[in-house]
Amino acid sequence: MTGKTHLVCGEALALCLLHPAAPRTLVLCLGAAAVGSVIPDVDVTTSASHRELVRIVSTAGAALLLGWALNTIFQLHIERFLLRYAGGREMTAWAVLFLGLCVFGTTQPHRSFMHSLAGLALLTFCVWRGAEPLAAAFFVAMASHILLDLFNRKGVRLLYPLRWSWSLGLCSADGTADWALCAVGSLLLVIGIVACL
């Protein structure tokens, strides 16, 4: 699936499953889901995929900037809320480990470590330890990315480092199914945001 499909489907699924009730938790849910939904594709290797990587980094950066802007405008005090769960040094240490795992993921073939159950567990653990309120949305969105990629023709190495890969082979990464899932995900995302407000 394409990056936009992963993004809207991951965010919509996180909202539907987690039902954030307050503006602060809505912003946190959307931000964590945005990162979780696109982060598996940091392992792309082709030149066309590098353009996708720029979009991934831009999306994650935009999610963080939007979260910061909403935090400032609506005085949500997200930083105080997050610091209740871990100290600044602890958050930083887990963020560094998270980034280290992502860097490791960039050295691995596409749809291997960053699309595996091990990658999902390790990255979610880092988020949980460093910023617990973000972990559920991150997990749901990253898991949705992996699940959606299983529908493609190219295999996903769920049990990395084992070489076995799984694919349902039902669609191509950017075909009609991708378009349909993006449309449905976008609609559900809008409905989810409106329902939370």
Side-chain angles (χ1 to χ4, degrees), residues 1-4 6-11 13-14 18 24-25 27-72 76 78-149 156-161:
M1 300 300 151
T2 59
K4 65 184 179 299
H6 284 303
L7 178 66
V8 297
C9 289
E11 291 214 327
L13 187 59
L18 302 174
R24 177 190 299 146
T25 54
V27 169
L28 289 171
C29 181
L30 290 174
V35 174
S37 64
V38 297
I39 203 75
D41 281 340
V42 298
D43 62 5
V44 294
T45 55
T46 65
S47 60
S49 296
H50 280 303
R51 286 193 294 277
E52 186 70 17
L53 180 58
V54 170
R55 287 188 202 117
I56 291 165
V57 172
S58 300
T59 300
L64 292 173
L65 284 174
L66 180 60
W68 173 79
L70 293 171
N71 182 47
T72 303
L76 301 174
I78 289 173
E79 64 286 348
R80 287 187 212 160
F81 179 72
L82 291 175
L83 286 171
R84 285 190 227 162
Y85 296 91
R89 286 184 182 170
E90 187 178 359
M91 288 173 107
T92 302
W94 287 106
V96 168
L97 182 56
F98 179 92
L99 291 173
L101 288 168
C102 291
V103 168
F104 171 74
T106 65
T107 68
Q108 301 305 300
H110 185 46
R111 295 191 179 168
S112 61
F113 173 72
M114 293 299 290
H115 286 71
S116 70
L117 298 177
L120 175 64
L122 289 169
L123 290 168
T124 301
F125 183 74
C126 289
V127 174
W128 176 68
R129 290 300 311 230
E132 184 181 333
L134 305 177
F138 177 86
F139 173 81
V140 167
M142 186 171 174
S144 78
H145 182 118
I146 295 167
L147 180 65
L148 287 174
D149 277 353
V156 174
R157 288 175 57 190
L158 284 176
L159 298 178
Y160 177 92

Chi angles and distances behind the ring-ring contact (aromatic ring centres under 6.0 Å, His included) call for Phe138, Trp128: CA-CA 9 Å; Phe138 177 86; Trp128 176 68; over 10 Å; no
Between CE on residue Met142 and CG on residue Leu120, distance to nearest 0.5 Å: 5.0 Å
Trace of the side-chain contact (heavy atoms from CB on, under 4.5 Å) decision for Phe113 with Thr107: CA-CA 9 Å; Phe113 173 72; Thr107 68; over 6 Å; no
Smallest separation among heavy atoms of Ser112 and Asp43, with atom names: N-OD2, 3.9 Å
Considering all heavy atoms, the nearest Ser144-Gly10 contact: OG-CA, 3.3 Å
Between CG on residue Leu70 and CG on residue Leu76, distance to nearest 0.5 Å: 7.0 Å
Neighbour count >12 (heavy atoms, 6.0 Å) for atom CZ, Phe139: no
Between CG on residue Leu82 and CZ on residue Arg24, distance to nearest 0.5 Å: 9.0 Å
Closest heavy-atom pair and its distance - Val42, Cys102: CG2-O, 3.9 Å
Distance (rounded to the nearest 0.5 Å) between Thr25 OG1 and Leu30 CG: 9.5 Å
Partner residues of Leu83 under the side-chain contact (heavy atoms from CB on, under 4.5 Å) criterion, sequence neighbours left out: Met91
Derivation of the side-chain contact (heavy atoms from CB on, under 4.5 Å) call for Ile39 and His145: CA-CA 9 Å; Ile39 203 75; His145 182 118; over 6 Å; no
N/O donor-acceptor pair under 3.5 Å between Arg80 side chain and Arg84 backbone: no
Parallel, tilted or perpendicular, as decided by the 30° and 60° cut-offs, for the rings of Phe104 and Tyr160: perpendicular
Taking every non-hydrogen atom, the tightest pair across Leu18 and Cys29: CD1-SG, 4.2 Å
Derivation and outcome, side-chain contact (heavy atoms from CB on, under 4.5 Å), residues Val8 and Ser37: CA-CA 8 Å; Val8 297; Ser37 64; over 6 Å; no
Side-chain donor or acceptor of Glu11 paired with backbone N/O of Ala34 under 3.5 Å: yes
Closest non-hydrogen atom pair, Phe81 against Tyr85: O-CD1, 3.3 Å
Straight-line distance of Phe125 CZ to Leu97 CG, nearest 0.5 Å: 9.0 Å
Least distance between heavy atoms, Ile146 atom then His115 atom: CG2-O, 3.5 Å
Rounded distance (nearest 0.5 Å) linking atom CG of Asp149 with atom NE2 of His110: 6.0 Å
Salt bridge (Lys or Arg N to Asp or Glu O under 4.0 Å) contacts touching residues 88-108 (sequence neighbours left out): Glu90-Arg129
